[in-house]
Amino acid sequence: MRWLVVIASLLLPAPLRAESRGTGDLGIVVERADGAVQIVETSSMTTLARVDGLGDLSHAAAVFSRDGRYAFVFGRDGGLSKIDLLDQRVADRIVQAGNSIGGAISSDGRLVAVANYEPGGVKVFDTATLGLVVDIRSTEIGEGKRAKVVGLEDTGGDRFAFSLYDTGDIWTVDLADPAVPVIQRFFDVGDQPYDALVMPDGHYYLAGLFGEDGIVLLDLWDPKARPRRILDGYGRGEEPLPVYKMPHLEGWAAAGDQVVLPAVGRYEVLIVDRRSWEETARIAVHGQPVFAVARPDGRQVWVNFAHPDNGVVQVIDLVTREIVETLEPGAAVLHMEFTPRGEQVWVSARDSNEVVVYDTETFEVLARLPARSPSGIFFTARANRIGY
Amino acid sequence: MLERALFLAVAIPTAVVAAQGPDATAQPDAPRREVLMHRLLHDCGSCHGMTMKGGLGPPLLPDALADKDSEGLAGIVLEGVPGTPMPPWKTELTQEEALWLVERLKQGLTP
């Protein structure tokens with residue numbers, strides 16, 4: 001009888017034969033040039049599987065179902081792929097637009113929203129079926145085009161906020177009743193918003209501006225609030241340097257009362273007090289920051305840089321506000337992701353074809369995983385965080 | 001005087017190379033071509049898409065570029081476009097390399 005069970009289990013496809021497991025230590029690594037993702041686990045730092053056929057994954061991002069089983073991967077080419085981390089396969093996939101830039105998921109996990117450049121707008125899908133629920137069209141900007149949507153964030157409940165690059169708007173939408181979307185539009189609040197973040201408590205939405213030095217802040221807890229400017233002209237009188245890679249603001253570090261922001265076109269990160277929204281410090285760093293991400297405990301911020309300084313990662317201690325470590329993980333560092341409690345950070349080094357895992361206390365390399373042009377790294381703990 | 005002599009010393013070999021025909025200067029060597037193509041896919045691709053269908057930056061597909069002057073496009077690559085996120089690449093690329101990249105884009109990247 002036991003032999004029969006063994007034989008039967010050998011006949012099953014490999015993923016189903018694996019013993020049952022949780023997903024809390026799982027994640028994906030985007031292999032951008034191959035249209036593939038690796039499914040990885042952080043407990044013993046290994047690759048479990050590779051799933052391909054996901055289209056153009058340059059600038060790909062992902063969110064997770066609330067049970068941590070599925071990753072929703074947003075491709076550049078409008079692809080929305082639902083990856084089953086346990087069965088290690090594409091559970092469902094649609095191409096919902098011509099050109100996209102990331103997305104967000106509602107708190108109840110029912111709605112996944114995608115920010116689109118072409119055609120400009122936000123499309124919202126049912127996570128169970130990937131059926132279209134709501135199509136929000138952005139403002140027309142002439143020649144049959146609509147404004148590109150950037151910085152789409154889930155802001156708690158069934159609410160989302162996003163910015164319009166071409167027209168400088170911030171819009172919010174409440175989809176408590178998806179049949180009746182409640183949209184609030186704030187027009188022309190700043191020049192060229194390029195990305196945004198929401199604070200971990202869902203209270204504030206902050207949009208970074210490319211066209212001017214400054215940030216637009218919207219209080220999401222105050223229904224009468226209008227967007228207001230903070231850090232206005234933080235680089236006044238200084239000539240900004242050419243920006244070879246746009247900063248990414250989803251990883252803007254919010255740590256306790258401090259928010260750490262990359263300064264556009266400068267070799268600096270800004271530290272801002274989140275009660276007064278005044279700049280409290282500037283820290284000179286190795287290059288133009290791209291990501292500044294806080295370890296989950298908020299003690300450290302890890303910063304990577306734009307070309308040509310993208311072989312370096314620096315670690316800032318937020319207590320002393322000093323750079324405590326300068327690391328060289330490999331060529332073209334694109335992204336960093338912490339394990340849920342932050343004892344490890346996974347760093348993708350695109351041109352070294354490696355993901356490097358560091359111990360965040362000792363800064364020792366714990367593992368190196370081969371990966372083909374790795375870019376974004378996303379762990380399932382994001383499922384439990386607003387704005388991730 | 002010394003400066004002028006140095007200028008001549010530099011200029012003469014360039015003139016000799018140029019006299020061999022445009023192809024001799026217009027083509028980066030094979031290893032450099034590999035670097036340039038990698039940069040095109042990954043660095044340009046960050047904004048224009050790895051398939052060059054566009055993103056925050058406009059599409060760079062053959063159709064979109066066909067009626068545009070190659071020299072002018074190379075100038076955009078080298079100088080950037082003020083007021084937009086397009087940075088100047090002249091510290092990274094020579095005129096010839098920018099032209100070579102423009103020609104690759106005009107031909108289309110996918111076979």
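Chain identifiers are assigned alphabetically (A, B, ...) following the order of the sequence lines, protein sequences preceding nucleic acid strands; residue numbering begins at 1 within each chain. Keep in mind that this is a model prediction, so the values were computed, not measured. Values below: all heavy atoms of this structure, side chains included; hydrogens, waters and symmetry mates excluded.
- How far CE of A:Met246 is from CG of B:Leu56: 5.0 Å, rounded to the nearest 0.5 Å.
- No hydrogens or angles considered: nothing links the side chains of A:Asp351 and B:His42 as a donor-acceptor pair under 3.5 Å.
- If you measure heavy-atom distances from A:Ala33 to chain B, the contacts under 4.5 Å come from both the backbone and the side chain.
- Looking at every heavy atom in both residues, A:Ser58 comes nearest to B:Gly45 through OG-O, 4.0 Å.
- Between A:Gly98 and B:Lys53, the closest heavy-atom pair is O-NZ, 3.8 Å.
- Counting heavy-atom pairs closer than 4.5 Å to chain A, the top-ranked of the candidates B:Pro59, B:Cys47, B:Gly55 is B:Gly55.
- What you find for A:Arg32 and B:Met50 is that their closest heavy atoms are O-SD, 3.8 Å.
- Atoms CZ and CG, on A:Arg350 and B:Asp43 in that order, are 5.5 Å from each other to the nearest 0.5 Å.
- Side-chain atoms of A:Arg76 come within 3.5 Å of backbone N or O of B:Ser46 as a donor-acceptor pair.
- Looking at A:Gln192, its side chain never comes within 3.5 Å of a backbone N or O of B:Pro85 through a donor-acceptor pair.
- In terms of modelled atom types and a separation under 3.5 Å, the side chain of A:Asn99 and the main chain of B:Gly54 share a donor-acceptor contact.
- For the residue pair A:Tyr244 and B:Thr91, the shortest heavy atom distance occurs at OH-OG1, 3.5 Å.
- Open room surrounds CZ on A:Arg137; 12 or fewer heavy atoms of other groups in view lie less than 6.0 Å from it.
- The part of A:Ser373 that comes within reach of chain B is its side chain, from C-beta onward, which places non-hydrogen atoms under 4.5 angstrom from that chain.
- Environment of CZ in A:Arg372: sparse, with no more than 12 heavy atoms of neighbouring residues, nucleotides or ligands closer than 6.0 Å.
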